Number of protein chains: 2
Amino acid sequence: MPSNSTASAPQQGRDKLHLQLARLFRSKVSTGAWPVGSAIPTVQELEALHGVSRTTVRMALGALVAEGLLLTRKRGGTRVIAAPYKPPSFLLPTSWKELVAFGAHIGQITLHTGRDCLPPIPEGFPDVGRMAPAYVHLLRVYDHDAARFCLSQLYLEQELFPEIEAQLERSSLAVALSSDPSRIAVARQHLSVAPADELAAEHLGVALGTPLMQALRWACNADGLLIYWARVRFLSEYVHMEMDLLK
Amino acid sequence: MPSNSTASAPQQGRDKLHLQLARLFRSKVSTGAWPVGSAIPTVQELEALHGVSRTTVRMALGALVAEGLLLTRKRGGTRVIAAPYKPPSFLLPTSWKELVAFGAHIGQITLHTGRDCLPPIPEGFPDVGRMAPAYVHLLRVYDHDAARFCLSQLYLEQELFPEIEAQLERSSLAVALSSDPSRIAVARQHLSVAPADELAAEHLGVALGTPLMQALRWACNADGLLIYWARVRFLSEYVHMEMDLLK
DNA sequence: GAGTGGTCTAGACCACGGC
DNA sequence: CCGTGGTCTAGACCACTCA
């Protein structure tokens, strides 16, 4: 049926077919015509029911899956998700104190350690202090309930490393650095949503380009030397922030 | 060519074809084989070159378009984006003062005004103060350079409305409320990344489910009465935040 | 007007996983 | 095992837009 005939399409043919279908399917879910938890008709049935091809059905279903309304399983059919899955939401730190507390109770895995690195500060980023000649680099991932939700690239001024190396295995860099609070004179963070690059996509198990919450954090000592730089990226549905607007 | 033959596929056939192609195309961009700004081969040419169907080419190209590396135009062909387009980044306010400043220089359009509403506070949201019997509701969108980047749903305690109605046409609610600073005793915000619902998708011109930066803001007077509730959603690539971690 | 990307069809084969 | 979703093919028509 090549032309846009009446067939059983729900609307007279103006809009794109797969968008019409997606809208129809969405309403089936929200009205309960497709009850939560139940299997919806198979792709073959949907093709026949609406007189469209498999490709079109899949374009429509793909949208709903992307929106988190449907879950597909190879043999079990396509099911309506109970609730658009709500993962645990971590409170992103807005102060060094919270940053230390945050690192204290998260399971971490160190993937890589390297010496004589320089932190990859983005082009055009505002002044973050004087650069030291060398930094130690740590690449870490953080889990919660077996779900990997955070990737961090850490850079620590190299001469500081021996002092805190022992603590680093068990605790976060912020915790370790804070063992001597006088080391830190300036600490700031920059937050944005950034698309996943290849490193993040690989370690967080998401598609390239997936929006991630990115925190760039840095600290300087009293001499204005950059002693800590971190680029930390979170699956965005796992984190939120709260703040008092009256300072 | 139904079976996974050698053809001109870059790798021996284990991986999925469209993923192989996407990887190949990505490397063409990053190595400069497809120079930035230039048009890449047409879909027809790519089909023939790699011995695959249009659908497969489009699956691969679709991924790169989603990653922001390519831009398609109906007749002009598909081009490599100069820089993965960096829109202007607004600094999200972290204090009431910044909130007021933020609202002062943004072009706004009021889409809807209603009386006798109640703010739609999410299920399970922590205490935000005593609810007044009625609120005035404003639905607004904000532009920058003709690009719509922000949608806000505002709720103002109804008895307060006459006092500031005149200012509201020209300025943000925060600006108007601040004309008498004694009105506000508590002001907080909650930030998260939330998928676009139908309202946001329509007014911001994005697909349903697109991750948006969401700010929930509220203010109470000295009696603990909720006088201001706002749900503001931004295209996430347009905003960032900065903060001093040492308070 | 012609070439391009966007959409859609009607098939086919495969891998996975519940029966 | 075998039904299911996932992938892929080889075509077709359309809308847009640039030369």
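Protein chains get the first letters and strands the later ones, always in sequence-line order, with residue 1 at the start of each. Predicted model only: the values in this text are computed from it and were never measured.
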**OP:** Find the distance between CG (B:L92) and CZ (B:F234) and round it off to the nearest 0.5 Å.
**Re:**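 The CZ atom of B:F234 is 5.0 Å from CG of B:L92, to the nearest 0.5 Å.
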
**OP:** Measure the spacing between CD1 of B:I109 and CZ of B:R148 and express it to the nearest 0.5 Å.
**Re:**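 One finds 4.5 Å between CD1 of B:I109 and CZ of B:R148.
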
By the 4.0 Å heavy-atom rule, please label [X] as base, sugar-phosphate, or nothing.
{"X": "A:G76", "result": "nothing"}
{"X": "A:R73", "result": "sugar-phosphate"}
{"X": "B:T42", "result": "sugar-phosphate"}

For the side chain of [X], starting at C-beta, report the closest nucleotide among [options].
{"X": "B:H18", "options": "D:dC8, C:dG5, C:dA2", "value": "D:dC8"}
{"X": "B:R58", "options": "C:dC8, D:dC2, C:dT7", "value": "C:dT7"}
{"X": "A:K74", "options": "D:dG11, D:dT9, D:dG6", "value": "D:dG6"}
{"X": "B:R75", "options": "C:dT9, D:dC8, C:dT4", "value": "C:dT4"}
{"X": "B:V52", "options": "C:dG1, C:dG5, D:dT9", "value": "D:dT9"}
{"X": "A:Q44", "options": "C:dT4, D:dC8, D:dG5", "value": "D:dG5"}
{"X": "A:V43", "options": "D:dG5, D:dA12, D:dC8", "value": "D:dG5"}
{"X": "A:L17", "options": "C:dT9, C:dG5, D:dC8", "value": "C:dT9"}

Original post:
In this structure, which one of B:L46, B:T56, B:L61 forms a side chain to side chain contact (heavy atoms under 4.5 Å, CB included) with B:L21?
Top reply: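 So the option named by the test is B:T56.
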
Original post:
Quick check, are the ring centers of B:Y238 and B:F149 under 6.0 angstrom apart?
Top reply: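 Yes: the rings meet the under 6.0 Å criterion.
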
**OP:** Nearest-nucleotide wise, let me know which of A:E45 and B:S53 is further upstream toward the 5' end of DNA chain D.
**Re:**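 The answer here is A:E45.
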
Original post:
Taking the nucleotide of DNA chain D with the closest heavy atom to each, which residue, A:P41 or B:L19, is nearer the 5' end?
Top reply: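 Result of the comparison: A:P41.
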
**OP:** Can you tell me the distance, in whole Å, between the CE atom of B:M59 and the P atom of C:dG5?
**Re:**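 That distance rounds to 17 Å.
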
